[in-house]
Every structure is written in structure tokens, then in C-alpha cells.
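In what follows, a single structure is set out as C-alpha cells and then discussed.
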Amino acid sequence: MARHLITSALPYINGIKHLGNMVGSMLPADVYARYLRQRGHDVLYICATDEHGTPAELAAKERGLPVAEFCAQAHDAQKAVYDGFELAFDYFGRSSSTQNAEITQHFARKLNENGFIEERAIRQVYSPADGRFLPDRYVEGTCPYCGYDKARGDQCENCTRVLDPTDLINPRSAISGSTDLEVRETKHLFLLQSKLQPEVEAWIDRVGGEWPQLASSIARKWLTEGLHDRAITRDLDWGVPVPADTWPELAADGKVFYVWFDAPVEYIAATKEWADAAPAGEVRDWKSWWYEADDTVRYTEFMAKDNVPFHTVMFPATELGVREPWKKVDYVKAFNWLTYYGGKFSTSQKRGVFTDAALDVLPADYWRYFLIANAPESDDSSFTWEHFAATVNKDLADTLGNFVNRVLSFSKKRFGDEVPAGGEPGEAETRLGAETARLLAEYEEQMEALQFRKAAAALRALWSAGNSYLEEKSPWLEIKTDKDAAALTLRTAMNLIHLYSVVSEPFIPATARAMRGAFTLADDTAAWVSPQEAASLTAVSAGVPFTVPPVLFAKITDEDLEGFRVRFGS
């Protein structure tokens, strides 16, 4: 079996993420990783919090905490939410780790040795009151376009215009509030991406053909417009330090690497963190996943469209420039936006449903299924409470949950606590087996292609096939005239439930465990079932003890909906 390396775009440290962030990177990566593990593949799923940069310093300042302490607390808070969503990372690291600092500095030294880093003087805003140069986000003022008085020097959050600090009216320091600002000359390191463009283009020509159009079109747009040399250092107190053995003057000035230079390196560094965290007696070879691994590892990245340029152009340029055989991405699964009633989710403006609040309202499986079934793959998709409730009620409560409850409750009432035997399968069971095999093959095909909405539709069709069979056979009528026929129907339906518990696991893991746990089987795992095996519907034999689990999914009522609208707006 192939080895699969999976990463999702690193969630930024400044606050709990919203549902758009969840469906745009981490959740689909988790679904895919779970599926591959069930198929028997060797999978390593890596993620981490992205902890450097100006927003982290500003968020820490607002909280009145040292930035290191703030990031440690925020990392733990985010990890708790992801645990609540049952994201099965192999490791969830931190970009502020010593491993990331070491590998980032190694990359910078190699780029410099190979002639791809240049020291340049630029003009930048300086605050005498703070005694420091101010990164763009540390300069606040009034937007010259919309009049918003809290615009920052890189962008106005109100009208979304991209700005320079010198564009602002009445600029001031975000640290001290001082308006005594100057423009002074300072030195920074620049990555010479323009020199690497031909190599990046050649690499994308080799591997980008199978990427989704969203990812490939964004990458090629950046290449068509031309790669520009980019400053990769900043004047901050928090970040990976510029190594003094290579740039002593800049190191003495306290320069750190730009967050978008070190953040992608954290994928590699988090894998080393995973290896270093191995329990006693276990050896983890982190480097085999990343170094000279082109022929042994398939690497898939998940991200929203705004992250595509950094992962398809900028970081590959860095990897190419170090002139070492580091693994580059094979497949980029990019997503459009999930909107909230047509408007953007916003962490800074607290608009929309945030992941911690989502878990406070309903269990994770409700959200996992809805988000993947409506993933913004081909276009933006909109979250509304009405759509959410309709999906939960129809697909989860009625189609799946009601089927499980009807079958197990009726069988317990009429046949006791063991799976009934019944007669031999007939024409209806043969048709059901063939339809099950067909739909499972369709489900597998869509999962292999990373087409999550289509995979969800195939899974939903599998659940619906059970309901159609139950309605056709009507065991509540059969039992009046032919008890063995009713027993056969229920045994067949119970085998469907067990099959559902296996193939639904990537989407709704907690519910899958509840369905699988209904049957007392000596050796039961979530290992994948082939379409041919599924067609027989014989995994659960007569005489196996079973229990009726609690209601799997509660319907969302009109009263619930009104409460959601009041709490979250619409």
C-alpha cells in the first residue's frame, strides 16, 4: 500500500476558527485520512497552529499576555475544539517549536548559499515612541477610501482595500497610539522568486495537471503575472530569528523571518515534532516522509483558495531553491468559500458560527456531515440555519437514524436480543446486494477522486437503499403471515446497519461507533469492506447479540431554529 502524507493549512493562532475554516482545510483532510486508513494505507496526517506574525503579537497585547503565553493557551484551546470535532491528526504541532526554527534557518542558509536571498534596503514606518520599526499591521489610521478609522497599514477590514501604511490618514502606532511616526531606511532579506520562476513553472507543468481547476488556475495566474522578489524578514519580537552566523547585522537588529516563510516549513517541522514525541521504545522516522520521498510518498494538501498561492508557488520555490530533495506536494485540494447567509465568515468581526459554539449547540457529527455534504468545491456555498436543519432532519435523522432505530427496535420487540435467522435470501436481497455494491463502488470512486460532495451523495444513496428495501419488504406486515420472511428482512437490514457503520466512519465517526457497537462481535473493526463483500450482506450472522443504541440524531425543530437565529443572527 502507498504511504500517504496529508496536511491541512495551518489555522492561525489568534482565536477559535469558524465553520468556513473547518470545511476549507481540516475536516476534508480528516475525512480523507480516515478513509485511507480504513483501506489499509500508511497515513500520516499533520497539522499545527501558525503562531508567528503581527496578528499574534496584537492579539496577545489585547489580552495583556506575553505573546508566548498567549500562543500556548490559544494552541490548547484550538486543539480542544479539534478534538471535539474528532479530527484524527497524527500530530498537531506549533510553528513556534524549536524544530521549526531549526529547519527554517537551515532553508534560509541554503537559499543564501545558492544565490536566492539578497539583502536590500527599504523604507519603512518607524515609531520613536516605541523605539522600533512598525510592520504594516502595526500602523493604524483612517482609510482614505471609506473613512473607517481603524484601518490597518496592510488592508482596510471595512472596505477590504489593500493599503500601504503611508496611505492612511492620521496614522498611529498600534502599540502605543503615538502619531509621531517617521519613514526610515532599514534592511531586510528578499527571496529572489523571480530567479526561481522557470523552475516553479516546470514543476507545475509536471505535477499540476491533475490538480483541481481552482488550484491550478490560481497557481498559473500568479506565474502569468510574474513572481516578484519578496521580503522574507520583519521587525518583530516574535518569530524565527534570522541566524546570526549568516546575517550578523540583521540578527543584531532583531529581525525575524516573515510568517509566510516559516509557516509552510512547519509541515516538515511538525513531522519532526511527531517523531521527537514518540513514546519510549517507539522509533519514528520523520525524514522518510519528507526527504528523498518522491517515489515512496503521495503528498496531499488541503486548503482554502486564499492559501493556494503560498502552497503552489511560494513554498515550492523555496523547496526548489534549497537544492535538496525535499518532498513537494503531489495534489492540492483547494476549496472556495463557505459563506454565512451570503456574507463572509469573519474571525475578526465575529460573523458566523465558530467551531466552539457549534459544538456547544450540537454534537460534532451533525456538523461534520453537513459541512462535507455541502463542501464549497466547485463554487462558494452558503450556510443558513434553514438549510442546515433540512439536511440534518432529512439525511441524518430520517434516512439514517430512523432506519437504524426502526430495524433494531422492531427486531428486539418481536425476536429478542439476538439477530434472527430467517429463511434464505431471495430476489429482493439479491437486488439489494447488487445495488449496495454499485453504490459502494461509486462512493469509493468519489473518495479516491477527493470529490467530497459526490461522495456524500453516494453515502446518502446507500442509506436510502436500506429504507427502500425496508419499505419493499415491510417486515411489520410479513411477520403476520411469514415469521421467517420477516426475520430474514431484519437480519439483512441489520447487516446494512453494520455496513453503514464501516463506510460512514470517515464522515460521522461517533455515530459509526454507536452503530457498530450495537452488535456484539468477537473481532469487529472499522476496516473497509469491498463492494463484492458488501453485496453478500452476511457480516452479522444469526444469533449475534445486539442492543438498541440511543437515538442517533435528534430532529431540529422550529423552536430550535428560532433559538439559533437569535443566538447567531441570520
Side-chain angles (χ1 to χ4, degrees), residues 11 14-28 30-31 74 77-87 304 335-376 380-406 409 452-453 456 459-460 463 504 507-515 548-570:
N14 63 335
I16 299 298
K17 304 299 117 179
H18 53 66
L19 294 183
N21 184 279
M22 175 65 70
V23 73
S25 59
M26 288 174 285
L27 181 56
D30 177 72
V31 170
Q78 286 198 25
K79 180 62 165 58
V81 172
Y82 303 144
D83 289 344
F85 270 88
E86 295 206 38
L87 301 183
F335 291 85
N336 289 283
W337 302 126
L338 176 70
T339 64
Y340 186 68
Y341 285 87
K344 278 188 177 181
F345 283 85
S346 172
T347 300
S348 59
Q349 297 181 19
K350 302 190 185 306
R351 173 181 169 78
V353 184
F354 288 74
T355 48
D356 57 346
L359 294 178
D360 187 47
V361 169
L362 288 167
D365 280 359
Y366 290 69
W367 300 104
R368 288 179 62 103
Y369 177 79
F370 173 83
L371 291 172
I372 293 296
N374 297 280
D380 292 350
S381 60
S382 179
F383 177 91
T384 70
W385 286 108
E386 295 76 13
H387 185 203
F388 176 70
T391 301
V392 167
N393 290 347
K394 180 181 178 183
D395 295 357
L396 297 179
D398 286 345
T399 304
L400 178 61
N402 190 45
F403 175 80
V404 172
N405 185 262
R406 280 201 298 170
S409 296
F452 292 101
R453 292 181 72 146
L459 180 60
R460 186 189 312 121
W463 299 341
S504 303
F507 281 66
I508 45 175
T511 306
R513 287 194 300 273
M515 288 191 287
V548 182
V551 173
L552 298 180
F553 296 98
K555 280 197 171 186
I556 297 174
T557 66
D558 290 342
E559 185 179 356
D560 294 330
L561 265 182
E562 183 58 30
F564 297 154
R565 293 191 196 99
V566 170
R567 176 172 175 177
F568 296 97
S570 61

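- In this structure, Ser504 OG and Leu400 CG are separated by 6.0 Å, a value rounded to the nearest 0.5 Å.
- For Asn393, there are no side chain to side chain donor-acceptor pair (under 3.5 Å) partners at least two apart in sequence or on another chain.
- Legend: residues meeting ring pair (Phe, Tyr, Trp, His ring centres under 6.0 Å) with Phe335, ordered by chain and number and at least two apart, are absent.
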Next item on the list: Walk me through it: do Phe354 and Leu19 pass the test side-chain contact (heavy atoms from CB on, under 4.5 Å)?
Entry: CA-CA 6 Å; Phe354 288 74; Leu19 294 183; over 6 Å; no

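- Without hydrogens or angle criteria, Arg453 side chain to Ile372 main chain gives no donor-acceptor distance under 3.5 Å.
- For Phe370 and Phe383, the gap between ring centers is short of 6.0 Å.
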Please table the atom pairs, donor to acceptor, closer than 3.5 Å between any side-chain atom in residues 550-558 and protein atoms at least two apart or in another chain.
residue, atom, partner, partner atom, Å
Lys555, NZ, Asp398, OD1, 3.1
Lys555, NZ, Asp398, OD2, 3.3
Thr557, OG1, Glu559, N, 3.4
Thr557, OG1, Asp560, N, 3.0
Thr557, OG1, Asp560, OD2, 3.0

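- Inter-residue side-chain proximity for Val353 and His18 is flagged as unmet; no heavy-atom pair is nearer than 4.5 Å.
- Across every non-hydrogen atom of Thr399 and Arg460, the tightest pair is CG2-O, 4.4 Å.
- Between Val23 and Arg368 the shortest side-chain heavy-atom distance does not fall below 4.5 Å.
- With sequence neighbours excluded, the residues forming a salt bridge (Lys or Arg N to Asp or Glu O under 4.0 Å) with Arg567 are Asp360, listed by chain and number.
- A pairwise comparison of heavy atoms in Ala358 and Trp367 identifies O-NE1, 2.9 Å as the closest pair.
- A distance-only check finds no donor-acceptor pair linking the side chain of Lys394 to the backbone of Val392 [under 3.5 Å].
- Note: Thr355 OG1 to Leu27 CG = 11.0 Å, rounded to the nearest 0.5 Å.
- We find the CG-NZ distance between Leu87 and Lys79 to be 9.0 Å, quoted to the nearest 0.5 Å.
- Looking at Met26 and Asn21, their side chains come closer than 4.5 Å, going by heavy atoms from C-beta outward.
- Aromatic pair Tyr341/Trp385: centroids not less than 6.0 angstrom apart.
- Side-chain contact between Asn374 and His387 is present, with heavy atoms from C-beta onward closer than 4.5 Å.
- Applying the ring pair (Phe, Tyr, Trp, His ring centres under 6.0 Å) test to Phe403 and every residue at least two apart in sequence or in another chain returns Tyr500.
- The distance from atom CD1 of Ile16 to atom CD of Gln78, rounded to the nearest 0.5 Å, is 5.5 Å.
- Distance check: Tyr82 OH to Asp30 CG gives 12.5 Å after rounding to the nearest 0.5 Å.
- Put simply, the side chain of Met22 does not reach to within 4.5 Å of the side chain of Leu338, judged on heavy atoms.
- Contact detail for Gly342 and Ser382: the closest heavy-atom pair is N-OG, 3.2 Å.
- When only modelled atom types and interatomic distance are considered, Ser381 and Trp337 share no side-chain donor-acceptor pair under 3.5 Å.
- Remark: Leu561 CG to Thr384 OG1 distance equals 9.0 Å, nearest 0.5 Å.
- Smallest separation of non-hydrogen atoms from Ala373 and Ala456: CA-CB, 3.7 Å.
- Evaluated for a ring-ring contact (aromatic ring centres under 6.0 Å, His included) with Tyr369, the options Trp463, Phe388, Phe452 yield exactly one hit, Trp463.
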Under 3.5 Å, which donor-acceptor pairs do the side chains of residues 507-514 form with other protein atoms, sequence neighbours left out?
residue, atom, partner, partner atom, Å
Thr511, OG1, Asp365, OD2, 2.7
Arg513, NH1, Glu86, OE1, 2.9
Arg513, NH2, Glu86, OE1, 3.4
Arg513, NH2, Glu86, OE2, 2.8

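- Across Phe568 and Ala357, no two heavy atoms sit closer than the pair CE2-CB, 3.7 Å.
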